[in-house]
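Inspection log for the structure reproduced underneath, given as structure tokens.
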Amino acid sequence: MNRLPPEVKAAGSIPRRLFYYNAGFATQPRLRRILALSGHSLHLGLPGPNDAVVVWGRSPYAHRGEAIAAKRNVPLIRIEDAFLRSLRPGRMGDPPLGLLIDPQGVHFDRSAPSALELILASHALDDSNLLTRARAAIARVQHLDLSKYNIHDPALAPPPPGYVLVIDQTAGDASIVHAGATAGTFHDMLMLAQAENPNARIVVKTHPESQSGHRPGHFTAADSIGKVTLLTAPVSPQRLLQGAIAVYTVSSHMGFEAIMAGHRPVVLGQPFYAGWGLTDDRNPLPRRKRTLTKTQMFCAAMILAPVWYDPCRDRLCQIEDVIDQLEAETRAHRQDRHGHVAAGMRLWKRSRLQDFFGREKPLIFQNDPARAAAIASLTNRSLLIWAGKAPLNLQAHRVEDGFLRSRGLGANLIPPLSLVTDDLGIYYDPNCESRLERLIQQPLPPGGAARAAALTACLVAHNISKYNLPGLLPDLPDGHRILVPGQVEDDASIRLGATTVRTNLAVLQATRAANPDAKIIYKPHPDVESGLRPGTIPAADLLSLADVIATNADPIALITACDEVWTMTSLLGFEALIRGKPVTCLGTPFYAGWGLTRDAGSIPTRRQRTADNPQRPDLNHLIHAALIAYPRYYDPISRRPCPPEVALERLAAGPLPRPGLPLRLLAKLQGIFASQAHFWR
């Protein structure tokens, strides 16, 4: 049970109508939306006896609302950002992913207990489910290198370990004066760190808003004297904490993160996390006497106190959903922050490619791979190239559709919800290592197995596949049924991943020879059925080898109705594994060779069990690598990076935009020009 103390339970009875007197409440849509979803409406004018006044924390304009609330004798509600806020700070334009809606005070103001402090002081914090969630969330936040703000660069190396970390804050911030500190406290802190660690290097970390030039801090280059270094580069806070032997702070939120990382920080102010037995308090707050664990503190600060918001689904959510969303957004930011040059991209695909990869810097498109590589080198950008058009030995990130793609075919100009980028090879080419192979061989991240299992259950429940085409289940004969999915015969996965069996006729012949008494169900590929790609089997051969020709059939319904699947390299083999069906591979798809399939193709040694590679991935491991870690997802509704769970919901039931007439005409024109260019070469 989440037993909140009576004072905090009162937060649930905050009046619905909130009156504001500062423009931020009118101009920030995210703020208004979170309050609306929390059951509140914002108003101008004077509050009545059943209303309340809302202000932003201890902002310079809060006094307006404070005065009116006192005069009208109505409750005063203070709003602040939650502690896993966003990709960028608010001054750089990013709205928050959560709020603290506090009828008691504000978390950084030690003059009176806030709702968060009351939870820390009075809540039992002994619910095993809550604590398990907190431990899992701590592990994920640290593994994903997340912080309150997330514009740091994980590629930047921290200083050599063994330093004392001193944390700066922005000058004049309300969290300083209301924590009982002043600007002079920061220089006292630096002197104290030097005095208590006379032989240690001191690293002073500047605030992200100082690094971006938005607000000054308390330290400058003039403080870099002797063993003191001012760190202004956007180095990962998590990595900085890992290398520190001691941490000093006034009231920075990074002090809370230091506790989560296992430190006992020296604290000179009185922030919300001080006074609970987890910090070395040099200015203790007498009313705080309880001793907590770091898990209990996280539970209060990150699970019980905030109101979290999911920007893709436009709903209130839990901390786990926010971590999923921030994982997607920070991954896109980190991979795209320096920009890309894109080669080999069809015109109709370019808008969606901009959506995926051009949020930080617009993509530069160049058809010729050699010229694109030269531009990338000159502009310090990476090179993206569509995998099927990548020359051998070209250093690039190869792009392909992901495995949860769309509701419709790419050949019909349906844009993808997922794309993969591979800096080593590409998943369908077993002749060289791919990034997907690396991910399959790496240990699962914290929570990875549970997340993969939950994603699998949702996929199966909603019958989700790569293309999600409509279809029926034909009448099937009794007996042992084997599904043979047809493929596009000039597909790169067959050219590169098949040896002896390379055609749809050959896979049917091999299946029938090995299973003379089985009922063979042949499912033609949608692109072949529609006449867009090669792979048709002569009718006489087809009728002699297959018991059922499942044209325009639902592939997932066929998998469910059949006992096993035989394939060259079709993704339906992977989708069958997800649904617990035995799979025989006559080629070498990405899911073969790991001990999960019966393999008749040529399996690379690097995938096989050896003395140096004894561990075999289980199905959850394969699913996590292929559907969570390898692809990137884009939500066309909210128009932002999203986790796979959101893409799955869109494919299952959500609205998805269809290609318009201009896009279809553009694709036809490019096809005409491409064919003419081929003719004249």
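All figures in this text were calculated on a predicted structure; none of them were measured in a lab. Computed from heavy atoms alone, side chains included, the values below leave out hydrogens, waters and symmetry copies.
No donor-acceptor pair under 3.5 Å is formed between the side chain of Arg650 and the backbone N or O of Asp635. The main-chain N or O of Pro555 is never found under 3.5 Å from a side-chain atom of Lys523 such that the two would form a donor-acceptor pair. The backbone N or O of Asp527 lies less than 3.5 Å from a partner atom in the side chain of His525, making a donor-acceptor pair. Using a distance-only test at 3.5 Å, with no hydrogens or angles considered, no donor-acceptor pair links the side chain of Glu564 to the main chain of Thr584. At least one donor-acceptor pair closer than 3.5 Å links the side chain of Asp547 to the backbone N or O of Ile520.
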*Residue pair Gln487, Thr569: steps toward the side chain to side chain donor-acceptor pair (under 3.5 Å) verdict*: CA-CA 8 Å; Gln487 295 184 243; Thr569 60; 2.9 Å; yes
*Mind running salt bridge (Lys or Arg N to Asp or Glu O under 4.0 Å) on Lys466 and Glu575 for me, showing each step along the way?*
CA-CA 9 Å; Lys466 182 174 182 178; Glu575 293 173 336; over 6 Å; no
*Start with the C-alpha distance between Phe590 and Phe403, add both sets of side-chain angles, then the distance that settles ring pair (Phe, Tyr, Trp, His ring centres under 6.0 Å), and finish with yes or no.*
CA-CA 12 Å; Phe590 72 88; Phe403 306 127; 4.7 Å; yes
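When the shell of 6.0 Å around CZ of Arg337 is examined, it contains more than 12 heavy atoms from other residues, nucleotides or ligands. Within a 6.0 Å sphere centred on CZ of Arg598, heavy atoms belonging to other residues, nucleotides or ligands number 12 at most.
No option in Lys361, Arg359, Arg632 other than Arg632 meets the salt bridge (charged side-chain N to carboxylate O under 4.0 Å, His left out) test with Asp336.
The existence of a salt bridge linking Arg313 and Asp310 is confirmed by a sub-4.0 Å separation between a basic side-chain nitrogen and an acidic carboxylate oxygen. Comment: Arg606 does not engage Glu433 in a salt bridge, judged by the lack of any side-chain N to carboxylate O separation of less than 4.0 angstrom. Between Arg640 and Glu329 there is a salt bridge, with a side-chain nitrogen of the basic residue lying less than 4.0 Å from a carboxylate oxygen of the acidic one. Residues Asp324 and Arg140 are paired through a salt bridge, judged by an N-O separation under 4.0 Å between the basic side chain and the carboxylate.
With 3.5 Å as the limit, one finds a donor-acceptor pair spanning the side chains of Ser236 and Asp145.
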